[in-house]
Amino acid sequence: MFTGKTRVDGEWVVRKDCFSRAQTLGAFCQNSFSRKVTLVVHGELTANVKDAERELSRKLLTVIESRRAGRHIHVVDNAGYSDLLFGAPARCRTLTMQGEHVTVMPEIGEGFLGGPFDRLRLRTRGINRLEAGVLGRGTPRHEKLLSRLIERVAGRAVLDVRAPARRGPQFDLGWVSERTAYGAWVAAPERSGDEEAKRLAEAVEYVGRSARPAARHGQDKRVVVIEDAVDLSSGLREKARASGLLIGKVKDVPL
């Protein structure tokens, strides 16, 4: 179900084309509520969202009522709908009543964090030569260190564990703690003496360059995670600090 003006990556799409795109992916679309509705795409509404003629906010009101009754309906915004069309996970939006209007609440890390974390999707992503060289992506060492990070972060029930935004910097694992969104890049290049130190310095530079745009709500922190056996020199710490990054081992990541 759709409500409001829908855009896909910033481009307005008419309703019949929205239906067509969704149906191509196997979804069934309808304009009226029933117990079959499991997803509502919340598009751009006018300043006064309570538009009885087009039933814009009526649909959102029904979502709120359904949630209160214990039947969850997933709500995505334009960015989330775009993500779904491109096969990426989309976060569910929180709705609240403000007077007679329904408001989609802003979330920490918008524009930086994406939908729920999916390890399978992470494994099937494309890896370029630079990422393989300076981060070690696609190697057993990288996978092992990433698994340790996932175990530590996902094991904290209070944390919201997330994937990167589809059009944002492609870190390995993201999460929200208090009012800060964290995005972590695991750096585990092949060992070869001085070459490893050089690769780690390159990894910090690479992450620093890819760390834009910033989150649109709350603050975001970029984290480079390295292996326990690595000597975290003061020079590497200073390089990370100069790039606006945090760097540390799995046990040191901020939760």
Side-chain angles (χ1 to χ4, degrees), residues 1-118 120-121 157-168 174-176 181 215-218:
M1 179 176 289
F2 294 84
T3 178
K5 189 174 183 178
T6 307
R7 296 182 183 274
V8 175
D9 285 347
E11 180 181 352
W12 175 53
V13 179
V14 298
R15 184 60 50 82
K16 67 179 181 65
D17 288 342
C18 289
F19 276 36
S20 177
R21 294 188 186 197
Q23 290 167 348
T24 297
L25 297 176
F28 175 75
C29 302
Q30 61 186 55
N31 279 318
S32 58
F33 260 101
S34 73
R35 296 191 65 84
K36 294 180 180 180
V37 174
T38 58
L39 173 70
V40 172
V41 178
H42 168 59
E44 299 172 6
L45 303 177
T46 58
N48 181 1
V49 298
K50 194 169 184 179
D51 184 334
E53 182 178 352
R54 289 186 293 163
E55 297 186 335
L56 295 180
S57 96
R58 295 293 180 189
K59 295 176 181 178
L60 298 182
L61 285 170
T62 302
V63 170
I64 291 178
E65 292 167 359
S66 295
R67 288 179 173 182
R68 287 174 177 171
R71 190 174 75 86
H72 182 75
I73 296 177
H74 206 78
V75 176
V76 300
D77 54 11
N78 281 330
Y81 174 61
S82 301
D83 288 343
L84 292 175
L85 290 179
F86 286 92
R91 66 191 183 283
C92 183
R93 304 309 304 255
T94 300
L95 303 178
T96 188
M97 291 294 300
Q98 293 188 349
E100 294 184 340
H101 307 313
V102 179
T103 300
V104 178
M105 300 301 294
E107 293 190 351
I108 303 298
E110 287 190 21
F112 182 65
L113 298 179
F117 175 73
D118 184 347
L120 178 60
R121 180 175 177 81
V158 297
L159 297 180
D160 181 11
V161 185
R162 303 273 281 279
R166 179 173 56 88
R167 304 180 76 187
W175 64 92
V176 176
R216 294 190 293 270
H217 185 65

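Treat the numbers as computed from the prediction; the structure is a model and nothing was measured.
Here the CZ atom belonging to Arg21 is positioned 8.5 Å from the OG atom belonging to Ser82, to the nearest 0.5 angstrom. Taking CG of Leu60 as the start and OG1 of Thr3 as the end, the distance is 5.0 Å to the nearest 0.5 Å. A distance of 11.5 Å separates NZ in Lys5 from CZ in Arg15, rounded to the nearest 0.5 Å. To the nearest 0.5 Å, atom CD1 of residue Ile108 and atom CH2 of residue Trp175 are 15.5 Å apart. Phe2 CZ to Asn78 CG: the interatomic distance, rounded to the nearest 0.5 Å, is 10.0 Å. Taken from CE in Met1 to OG in Ser34, the straight-line distance is 7.0 Å, to the nearest 0.5 Å.
In this structure the side chain of Val75 reaches within 4.5 angstrom of the side chain of Arg67, judged on heavy atoms. With contacts defined as side-chain heavy-atom distances shorter than 4.5 Å, the pair Thr62/Val40 does not qualify. Between Arg166 and Asp9 there is a side-chain heavy-atom pair separated by less than 4.5 Å. Between Arg162 and Phe117, the closest side-chain pair of non-hydrogen atoms is not below 4.5 Å.
The two residues Cys29 and Ala22 come nearest to each other via the heavy atoms SG-CB, 3.6 Å. Taking all atoms of both residues into account, the shortest heavy-atom contact from Pro89 to Pro116 is CG-O, 3.5 Å. When all heavy atoms are compared, the tightest approach of Asn31 to Phe19 is OD1-CZ, 3.7 Å. Here the shortest heavy-atom pairing between Met105 and Glu110 reads O-OE2, 4.1 Å. Minimum heavy-atom separation, Trp12 to Thr6: CD1-O, 3.3 Å. When all heavy atoms are compared, the tightest approach of Arg91 to Gly114 is CB-O, 4.2 Å.
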Requested in this report: Before giving the answer on side-chain contact (heavy atoms from CB on, under 4.5 Å), spell out for Val104 and Asp77 the whole-Å C-alpha distance, their side-chain angles and the decisive distance to 0.1 Å.
Outcome: CA-CA 9 Å; Val104 178; Asp77 54 11; 5.6 Å; no
Query - Worked check of salt bridge (Lys or Arg N to Asp or Glu O under 4.0 Å) between Asp83 and Arg167 - result: CA-CA 9 Å; Asp83 288 343; Arg167 304 180 76 187; over 6 Å; no
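Partners of Ser32 under the side-chain hydrogen bond (donor to acceptor under 3.5 Å, both in side chains) rule, at least two apart in sequence or in another chain, do not exist in this structure.
Here the rule is side chain to side chain contact (heavy atoms under 4.5 Å, CB included) with Leu95, and of Val63, Ile73, Leu61 only Val63 fits it.
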